[in-house]
Amino acid sequence: MEKDTVGGVGRAMLDRRLGDLLASQGVACTEGQRTLLLDHLDLVLEKNKVMNLTRITSPEDALVLHILDSLLLEEEVAKTDGPVLDIGTGAGYPGIPLAVMEDRPFVLMDSVGKKARAVAEFADAMGLGAVGTTQERAESYAVDHRGEFGTVVARAVAPLGVLVEYAQPLLSKGGRLVVSKGRLSDEELGSGQKTAEKVGMGLVSRETLSLPEGMGHREIVVYEKDGRSSIKLPRPVGEAKNKPLA
């Protein structure tokens, strides 16, 4: 499916730029993996012409704000085993880039059906046979998939406390939640920590970094499932957001 351009911009130039960006952040990536990452971006930009998948329409900006931003989670994901769940995948970020880098099963979740279907099309076109999709909400999905995942990832989807609650029943013992955020307020971090204490999750790390070219601030927060929840989870759909635990 390779073309000479991605979103109308020369593929060779974008490939060199992507390689430089990833190397600058210590992300090891083969030529074949970069090809797949650019294939995905091209599919997203083409689909975006007929449905709203992303506000980022510049391929050059997307190298940073979609691909690199997704792969900043790869170091933490690589520390875990087992299937990975991406909550709120949207156009397939960060799930598809991570699946390109990690040889393990992935499930990409989005409650908007047309987005979940588009991501399934992307994975099929890219030959990513280990990538599945679902349009279920996290709470209902957890009922039949309790403890199935070694890692749950999320990028700018919901408040930290909500994500901690979503992830807990889906994770295996010792499994980890890896979250990417913009600027994280003390209030949101505190809510996440209080929720974690209630549901048997422990804070592992919090890393602060900046994207290249002044394109944003990121915080990567990691929690581990290290105990039992004092509250029966999952709660009914909507309660995590509408009635947060902290």
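Count residues from 1 along the sequence.
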Practice item. Starting from the C-alpha separation in whole Å, work towards a yes-or-no answer on side chain to side chain contact (heavy atoms under 4.5 Å, CB included) for V222 and K79. Key: CA-CA 11 Å; V222 181; K79 295 176 182 177; over 6 Å; no

Review point. Are L160 and L184 close enough, and set up right, to give a side chain to side chain contact (heavy atoms under 4.5 Å, CB included), and what steps lead you there?
Key: CA-CA 9 Å; L160 193 56; L184 186 62; 4.2 Å; yes

According to a 4.5 Å side-chain heavy-atom criterion applied to Ile, Leu, Val, Met, Phe, Trp and Tyr, with indirect links allowed, do [X] and [Y] form part of one hydrophobic cluster?
{"X": "L85", "Y": "V221", "answer": "yes"}
{"X": "V178", "Y": "L170", "answer": "no"}
{"X": "L203", "Y": "L73", "answer": "no"}
{"X": "V9", "Y": "L36", "answer": "yes"}
{"X": "V179", "Y": "I220", "answer": "no"}

Would you check if the side chain of [X] reaches a backbone N or O of [Y] as a donor-acceptor pair within less than 3.5 Å?
{"X": "Q135", "Y": "A116", "result": "no"}
{"X": "S191", "Y": "A246", "result": "yes"}
{"X": "D42", "Y": "G7", "result": "yes"}
{"X": "R146", "Y": "L233", "result": "yes"}
{"X": "E239", "Y": "P236", "result": "no"}
{"X": "K225", "Y": "S172", "result": "no"}

Point to revise | Trace of the side chain to side chain contact (heavy atoms under 4.5 Å, CB included) decision for L37 with C29 | key: CA-CA 10 Å; L37 294 169; C29 188; 3.9 Å; yes

Exercise for review: Report, as yes or no, whether the 6.0 Å neighbourhood of atom CD on Q25 holds more than 12 heavy atoms from other residues, nucleotides or ligands.
Suggested key: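 Yes, because the 6.0 Å sphere around CD of Q25 holds more than 12 heavy atoms from other groups.
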
Using a strict threshold of under 4.0 Å (side-chain N to carboxylate O), is an ion pair present between [Y] and [X]?
{"X": "R137", "Y": "E139", "result": "no"}
{"X": "R206", "Y": "E219", "result": "yes"}
{"X": "E197", "Y": "K194", "result": "no"}

Shortest non-hydrogen separation from [X] to [Y] and the atoms involved:
{"X": "D110", "Y": "G88", "value": "OD2-C, 3.8 Å"}
{"X": "G192", "Y": "V164", "value": "O-CG2, 4.2 Å"}
{"X": "R218", "Y": "S180", "value": "CD-OG, 3.7 Å"}
{"X": "L21", "Y": "P212", "value": "CD2-CG, 3.9 Å"}
{"X": "A158", "Y": "K241", "value": "CB-CE, 4.1 Å"}
{"X": "A138", "Y": "I87", "value": "CB-CD1, 4.3 Å"}

Separation of [Y] [atom2] from [X] [atom1] (nearest 0.5 Å):
{"X": "L211", "Y": "H217", "atom1": "CG", "atom2": "NE2", "answer": "9.5 Å"}
{"X": "I96", "Y": "L41", "atom1": "CD1", "atom2": "CG", "answer": "11.5 Å"}
{"X": "R16", "Y": "L18", "atom1": "CZ", "atom2": "CG", "answer": "12.0 Å"}
{"X": "L43", "Y": "N48", "atom1": "CG", "atom2": "CG", "answer": "12.0 Å"}
{"X": "R235", "Y": "S229", "atom1": "CZ", "atom2": "OG", "answer": "9.5 Å"}
{"X": "I56", "Y": "Y93", "atom1": "CD1", "atom2": "OH", "answer": "9.0 Å"}

Any side-chain heavy atom of [X] within less than 4.5 Å of one from [Y]?
{"X": "M201", "Y": "L177", "result": "yes"}
{"X": "P59", "Y": "L45", "result": "yes"}
{"X": "R176", "Y": "L171", "result": "no"}
{"X": "K47", "Y": "E121", "result": "yes"}
{"X": "K115", "Y": "M51", "result": "yes"}
{"X": "L98", "Y": "D86", "result": "no"}
{"X": "P97", "Y": "H40", "result": "yes"}
{"X": "M126", "Y": "V100", "result": "yes"}

Practice item. With side chain to side chain contact (heavy atoms under 4.5 Å, CB included) as the test, would you mind laying out the steps for V157 and Y166 before giving the verdict? Key: CA-CA 11 Å; V157 177; Y166 284 167; 5.7 Å; no

Exercise for review: Assess the side chains of E60 and S58: does a donor N or O sit below 3.5 Å from an acceptor N or O?
Suggested key: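 Distance-only check passes for E60 and S58.
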
Practice item. Please determine which of T35, D39, D4 meets the side chain to side chain donor-acceptor pair (under 3.5 Å) test together with R11. Key: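 Exactly one pass, corresponding to D39.
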
